[in-house]
Amino acid sequence: MNKLTGYLVIFLISITAHSQDIAVLHYKGGGDWYSNPTALPNLIKFCNQNITTAISNKPKTVKPESADIFQYPYIHMTGHGNVFFTDQDAENLQNYLLSGGFLHIDDNYGMEPYIRKELIKVFPDKELVELPVSHPIFSSQYSFPQGLPKIHEHDGKRPQALGIINEGRLIVLFTFESDLGDGWENPEVHNDPEEVRLKALKMGANIIKYAFEN
């Protein structure tokens with residue numbers, strides 16, 4: 001059994017046992033990986049109520065070098081600043097993603113230049129590409145005919161959904177200039193109108209559904 005096959009076996013066993021858990025990535029580099037603490041619990045609640053998931057109420061925390069990462073079909077990553085992957089982190093993340101995992105990176109404004117550099121370590125032969133509005137992630141449950149919604153304004157740039165695709169499957173999603181996680185947070189945190197929060201939650205549900213089913 002080669003190394004990748006071994007990881008695939010671990011992944012399939014773990015997904016069977018823990019398919020309704022999702023996790024936050026605790027990465028190195030000093031960035032605030034823990035930001036938006038109410039975001040994922042609110043998204044989980046929305047998904048469980050609206051798209052027939054049964055996700056554990058409290059998201060887990062996992063480090064990129066850990067074998068535990070193979071337990072989760074969806075890993076969430078966010079923050080405002082620096083990100084650093086060791087060679088071990090990069091290899092483990094690559095094996096996880098190629099074995100069927102899904103990484104959603106939601107830029108909380110400021111992490112974009114760092115994550116681009118670190119993703120090259122994970123996939124030196126692949127690039128982030130902008131997803132067309134026809135991509136199924138924009139219609140897996142709710143329809144977003146214009147693509148990724150704009151939730152928070154920072155500097156007037158348009159929202160972008162960027163991805164890394166392997167053999168036709170989206171394995172890394174980088175949501176940029178959108179701030180979905182801010183829209184998932186408790187309403188009093190950012191005082192967003194309900195329609196803005198609902199838009200963010202629906203897009204989040206699309207992402208979860210895609211990650212669970214592909």
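Here, residue 1 is the first one in the sequence, and each next residue gets the next number.
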>> Please report the interatomic distance CD(Q71) to CD1(I22), rounded to the nearest 0.5 Å.
In response: 14.0 Å
> Looking at side-chain heavy atoms only, is the closest gap between N166 and L97 below 4.5 Å?
Replying inline: no
> Can you check side chain to side chain contact (heavy atoms under 4.5 Å, CB included) on F174 and L131, steps first, answer last?
Replying inline: CA-CA 10 Å; F174 178 40; L131 302 181; over 6 Å; no
> Do the charged groups of K150 and E177 touch, with an N to O distance under 4.0 Å?
Replying inline: yes
> What about Y72 and I51, same hydrophobic cluster or not, with Ile/Leu/Val/Met/Phe/Trp/Tyr joined at side-chain heavy-atom distances under 4.5 Å?
Replying inline: yes
> Does I137 belong to the same Ile/Leu/Val/Met/Phe/Trp/Tyr cluster as L198, with side-chain heavy atoms less than 4.5 Å apart forming each link?
Replying inline: yes
>> For a 4.5 angstrom cut-off between non-hydrogen side-chain atoms, does K60 reach V24?
In response: no
> Between F46 and Y142, how do the two ring planes meet: parallel, tilted or perpendicular, split at 30° and 60°?
Replying inline: tilted
> Between Q94 and V122, is there a donor-acceptor pair closer than 3.5 Å when you use the side chain of the first and the backbone of the second?
Replying inline: yes
>> Taking the basic N atoms (NZ, or NE/NH1/NH2) and the acidic carboxylate oxygens, is any pair closer than 4.0 Å for K28 and D89?
In response: yes
> Is there a side-chain contact between V189 and N36 (heavy atoms, below 4.5 Å)?
Replying inline: no
> Is the shortest heavy-atom distance from the side chain of L162 to the side chain of L173 under 4.5 Å?
Replying inline: no
>> To the closest 0.5 Å, what do you measure between CD (E185) and NE2 (H152)?
In response: 9.0 Å
> How long is the span from the CD1 atom in I115 to the CZ atom in F84, to the nearest 0.5 Å?
Replying inline: 12.0 Å
>> Checking side chain to side chain donor-acceptor pair (under 3.5 Å) between S35 and each of D106, D182, N108, which is the one that passes?
In response: N108
>> Looking only at the aromatic ring of each residue, does the gap between the centers of W33 and H80 stay below 6.0 angstrom?
In response: no
> Any idea which heavy atoms bring G163 and L170 closest together, and the distance?
Replying inline: CA-CD1, 3.7 Å
>> Looking at every heavy atom in both I55 and C47, which two are closest together, and how far apart are they?
In response: CD1-CB, 4.3 Å
>> One pair to check against side chain to side chain contact (heavy atoms under 4.5 Å, CB included): T175 and M203. What are the steps and the verdict?
In response: CA-CA 11 Å; T175 45; M203 186 65 228; over 6 Å; no
> Is it the case that more than 12 heavy atoms not belonging to Q146 sit under 6.0 Å from its CD atom?
Replying inline: no
> Short question: side chain of S56, backbone of D21 - any donor-acceptor pair under 3.5 Å?
Replying inline: no
>> A side-chain contact here means heavy atoms from C-beta on lying under 4.5 Å apart; do M111 and M77 qualify?
In response: yes
> Nearest heavy-atom pair of S178 and L148: which atoms, and what distance?
Replying inline: CB-CD2, 3.6 Å
> K199 side chain to I151 main-chain N or O, any donor-acceptor pair under 3.5 Å?
Replying inline: no
>> If you count every heavy atom of other residues, nucleotides or ligands that lies below 6.0 Å from K45 atom NZ, does the total exceed 12?
In response: no
> Looking only at heavy atoms, which two atoms of Y27 and P64 are closest? And how far apart?
Replying inline: CA-CD, 4.2 Å
>> Taking G31's backbone N and O only, do any of them form a donor-acceptor pair with N82's side chain (distance below 3.5 Å, no angle check)?
In response: no
> Would a 4.5 Å heavy-atom cut-off, applied to side chains only, mark P159 and P149 as touching?
Replying inline: no
>> A side-chain contact here means heavy atoms from C-beta on lying under 4.5 Å apart; do V196 and P193 qualify?
In response: yes
> D68 and F70: side chain to side chain contact (heavy atoms under 4.5 Å, CB included), yes or no, with the steps?
Replying inline: CA-CA 5 Å; D68 291 343; F70 290 87; over 6 Å; no
> Looking only at heavy atoms, which two atoms of G81 and Y114 are closest? And how far apart?
Replying inline: O-CD1, 3.3 Å
> Taking the inter-plane angle between the rings of H135 and F138 on a 0 to 90° scale, is it parallel (under 30°), tilted (30 to 60°) or perpendicular (over 60°)?
Replying inline: perpendicular
> Checking side chain to side chain contact (heavy atoms under 4.5 Å, CB included) for the pair N206/I208: CA distance, chi angles, key distance, verdict?
Replying inline: CA-CA 6 Å; N206 275 15; I208 293 286; over 6 Å; no
> Does atom CD of E130 have more than 12 heavy-atom neighbours, drawn from other residues, nucleotides or ligands, at distances under 6.0 Å?
Replying inline: yes
> Are K209 and E213 within salt-bridge range, i.e. N to O under 4.0 Å?
Replying inline: yes
> To the nearest 0.5 Å, how far apart are CZ in F102 and OH in Y96?
Replying inline: 9.0 Å
>> Looking at N48, is its backbone amide N or carbonyl O close enough to the side chain of T53 to form a donor-acceptor pair, meaning the two atoms are under 3.5 Å apart?
In response: yes
> Looking only at atom types and distance, does a side-chain atom of S66 sit under 3.5 Å from a main-chain N or O of V62, one as donor and one as acceptor?
Replying inline: no
> Should the pair D192-R197 be classified as a salt bridge under the 4.0 Å nitrogen-to-oxygen rule?
Replying inline: no
> CG of L25 to NE2 of H104: how many Å apart, nearest 0.5 Å?
Replying inline: 13.0 Å
>> Tell me if a side-chain donor or acceptor on T78 pairs with a main-chain N or O of D107 at a distance below 3.5 Å.
In response: no
> Do L180 and Y109 belong together in a cluster built from hydrophobic side chains that touch within less than 4.5 Å?
Replying inline: no
> Any idea which heavy atoms bring G204 and W184 closest together, and the distance?
Replying inline: CA-CZ2, 3.6 Å
> Under a single-linkage definition using a 4.5 Å side-chain heavy-atom cutoff for Ile, Leu, Val, Met, Phe, Trp and Tyr, are I105 and I120 assigned to the same hydrophobic cluster?
Replying inline: no
> Between Y34 and H26, does the ring centre distance come in under 6.0 Å?
Replying inline: no
> Do S139 and F144 come close enough that some side-chain heavy atom pair is under 4.5 Å?
Replying inline: no
> How far does CZ of F176 sit from CZ of R158, to the nearest 0.5 angstrom?
Replying inline: 10.0 Å
